[in-house]
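Numbers here are sequence positions counted from 1.
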Amino acid sequence: MAMFPVQGFLEGDFVVVLALVDDTDPMTVVAEKIAYHSVGKRVVAQDRPLKVKRNGEVQVDDATLAGLGAAPLEVLEVVYA
């Protein structure tokens, strides 16, 4: 378990945020940590699950950054599914 900095943005937002996540957090938690900075501020909350896209591909909910071999400061997109 190690703190891991990622860049991320929520679909519909124009701001890219720097978020600290744990490299063993599942993608559901990573999505929440990134979306926290946008939902209710610049993007309207929706009653749908959040998903993480990495390199244009939606990641499975239980995947981790450590398991994917992600690099620090990698850009992740969060979308409503």
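With Q59 contributing its side chain and E57 its backbone, the two residues share a donor-acceptor pair below 3.5 Å. Panel note: side chain D23, backbone A2; a donor-acceptor pair is recorded below 3.5 Å.
Heavy-atom minimum distance, F9 versus V75: CE2-CG1, 4.0 Å. Of all heavy-atom pairs between A35 and V78, the closest is CB-CG1, 4.5 Å.
Atoms CZ and NE2, from R42 and H37 in turn, are 9.5 Å apart once rounded to the nearest 0.5 Å. Distance CZ/F4 to OG1/T64: 10.0 Å, rounded to 0.5 Å.
Contact of the Q7 side chain with the E74 side chain is not registered, since no non-hydrogen atoms from C-beta on lie closer than 4.5 Å. Contact annotation: the side chain of M27 approaches that of L68 to within less than 4.5 Å [non-hydrogen atoms, C-beta and beyond]. Side-chain contact between P49 and Y80: absent, with no pair of heavy atoms (C-beta onward) separated by less than 4.5 Å.
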Requested in this report: Would you check, one step at a time, whether the test side chain to side chain contact (heavy atoms under 4.5 Å, CB included) holds for L18 with L73?
Outcome: CA-CA 8 Å; L18 178 63; L73 299 177; 3.6 Å; yes
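Each of L10, V39, V6 was scored for a side-chain contact (heavy atoms from CB on, under 4.5 Å) with I34, with one residue passing: V6. Put simply, the residue from T28, V17, V21, L20 that forms a side-chain contact (heavy atoms from CB on, under 4.5 Å) with K33 is V21.
Hydrophobic cluster membership is shared by V15 and L76, with clusters built from Ile, Leu, Val, Met, Phe, Trp and Tyr side chains linked at under 4.5 angstrom.
Around CE of M3, the count of heavy atoms belonging to other residues, nucleotides or ligands within 6.0 Å exceeds 12.
Ion pairing between K51 and D61 holds under the 4.0 Å rule for side-chain N and carboxylate O.
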